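The next block holds one structure in the form of structure tokens; read it before the comments.
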Amino acid sequence: MDFEEHRPMLLGLAYRLLGSMWDAEDVVQEAWLRWQATDHAEIREPRAFLLTVVSRLALDQLRSARVKRESYVGPWLPEPVATAEAGPLDTAELRDTVSYATLHLMERLSPPERAVFVLREAFELPYDQIAEIVGSSLANARQMHHRAAQRLAEGRDRFQPTSEQHAELLLKFVAAASGGDLAALTDLLHEDVVAWNDGGGKVRAALRPIIGREKVAAFVSGLVSHYDFGEAKLVEVNGHPAVLTSVAGNEQLVAIEIRDGRIHGLYGLLNPDKLSRVRTA
């Protein structure tokens, strides 16, 4: 059946657009219902048809989700997923657009910009098809892609580290933090580092981003000195290594974004609702 053949790709698309696998699964299920109700003989290209349906459903959901995220307790971070659940990652573009740092950056984009960027970068759709999906002119679709790519490039390192380098820096960070070595910890951080913590109002967490090397180092050192941390386990999340641990008995996922060989983004996920898909990563 065509739908099942395309399901992993459709989940990957909806997840990139929404930053939530729960919502992505709802969208794909709705797309399946619409597929069931459609005369398949009239569909010349099932892949194009399904990409269009999922994109439009995800766009509608993203617009309403953004309103909810504005009233979220503390910073809203995407729901991380085990790499194996992220859909096909056959190309560098598919892998890059599902990385945790990129998903977080894409929250800066408007819903149409995000859709245009993902459909062009990850799924290599022609601009005329993208324009039809998002309901814009061809010229406007090109402009949205250019604008989105520019905004995301400002927040990313052109030279992406290998998975081994990513894991090495992450483990050095864990060792420095757990060992209380403030100098070593500070040295691993980019001068413009930002730390985000997502407790979702369910687990105690910083309610605002922490900005700057000294402040982030002090924040991490303070956490380690005041709370019991569990054993750190390296897991594969969103195409990159991350660390699963516990803080004062609460599970926490720590993911990083790297720039110039140092940690530029530090993401602490404590909201238990967002950790169910990384426990088996």
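Here the structure is a predicted model, which means the values were calculated and not measured.
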Hey, does [Y] have a side-chain heavy atom less than 4.5 Å from the side chain of [X]?
X      : Y      : value
Phe173 : Leu185 : yes
Trp32  : Arg7   : yes
Leu50  : Trp35  : yes
Glu30  : Asp26  : no
Arg44  : Phe49  : no
Pro161 : Leu169 : no

* Starting from the C-alpha separation in whole Å, work towards a yes-or-no answer on side chain to side chain contact (heavy atoms under 4.5 Å, CB included) for Val134 and Met144. => CA-CA 11 Å; Val134 300; Met144 279 194 280; 4.1 Å; yes
Minimum heavy-atom separation for [X] to [Y], with atom names?
X      : Y      : answer
Leu57  : Ala31  : CD1-N, 3.8 Å
Pro46  : Asp2   : CG-OD2, 3.6 Å
Leu270 : Gly199 : CB-CA, 4.2 Å
Leu17  : Ser55  : CD1-CA, 4.1 Å
Arg63  : Pro112 : NH2-CG, 4.0 Å
Val81  : Met21  : CG1-CB, 3.8 Å

* To do: Give the intermediate values and the outcome of side chain to side chain contact (heavy atoms under 4.5 Å, CB included) for residues Asn271 and Val203.
  => CA-CA 6 Å; Asn271 184 341; Val203 175; over 6 Å; no
What about [X] and [Y], same hydrophobic cluster or not, with Ile/Leu/Val/Met/Phe/Trp/Tyr joined at side-chain heavy-atom distances under 4.5 Å?
X      : Y      : result
Leu59  : Val67  : no
Ile211 : Leu77  : yes
Tyr72  : Leu105 : no
Ile133 : Leu11  : yes
Ile43  : Leu13  : yes

* Does NZ or CZ of Lys274 lie under 6.0 Å from the centre of the six-membered ring of Trp76, at an angle within 45° of the ring axis? -> yes
Exceeds 12 heavy-atom contacts within 6.0 angstrom, atom [atom1] of [X]:
X      : atom1 : value
Gln129 : CD    : yes
Glu45  : CD    : no
Glu231 : CD    : no
Arg69  : CZ    : yes
Asp273 : CG    : yes

* Hey, are Arg16 and Glu121 close enough for a salt bridge, meaning a charged N less than 4.0 Å from a carboxylate O? -> no
* Would you call Arg151 and Glu154 a salt bridge, taking side-chain N to carboxylate O under 4.0 Å as the test? -> no
Drop me the distance from [X]'s [atom1] to [Y]'s [atom2], to the nearest 0.5 angstrom.
X      : Y      : atom1 : atom2 : answer
Arg277 : Ser20  : CZ    : OG    : 7.5 Å
Met9   : Leu94  : CE    : CG    : 10.0 Å
His145 : Leu119 : NE2   : CG    : 10.0 Å
Arg114 : Leu18  : CZ    : CG    : 7.0 Å
Asp96  : Thr102 : CG    : OG1   : 4.0 Å
Glu191 : Arg259 : CD    : CZ    : 10.5 Å

Could you tell me whether a side-chain N or O of [X] sits under 3.5 Å from a main-chain N or O of [Y], the two making a donor and an acceptor?
X      : Y      : value
Gln165 : Thr162 : yes
Ser246 : Gly230 : yes
His166 : Ala242 : no
Tyr100 : Pro78  : yes
Glu79  : Trp22  : yes
Asp260 : Arg262 : no

* Asked: For Arg95, what residues pass the side chain to side chain donor-acceptor pair (under 3.5 Å) criterion, not counting sequence neighbours?
  -> none
* Please name all residues satisfying side chain to side chain donor-acceptor pair (under 3.5 Å) with Gln252, sequence neighbours left out, ordered by chain then number. => none
* Asked: Does a side chain donor of either Asn238 or Tyr15 reach within less than 3.5 Å of an acceptor in the other side chain?
  -> yes
* **Candidate pair Arg47 and Phe123, rule side chain to side chain contact (heavy atoms under 4.5 Å, CB included), full reasoning** => CA-CA 11 Å; Arg47 180 181 186 269; Phe123 296 91; 4.3 Å; yes
* May I ask you to decide if the ring planes of His104 and Trp196 are parallel, tilted or perpendicular, using 30° and 60° as cut-offs? => perpendicular
* **salt bridge (charged side-chain N to carboxylate O under 4.0 Å, His left out) between Arg66 and Glu70, intermediate numbers included** => CA-CA 6 Å; Arg66 282 168 73 92; Glu70 285 169 8; 5.8 Å; no
* Start with the C-alpha distance between Val235 and Leu253, add both sets of side-chain angles, then the distance that settles side chain to side chain contact (heavy atoms under 4.5 Å, CB included), and finish with yes or no. => CA-CA 9 Å; Val235 291; Leu253 182 84; 3.8 Å; yes
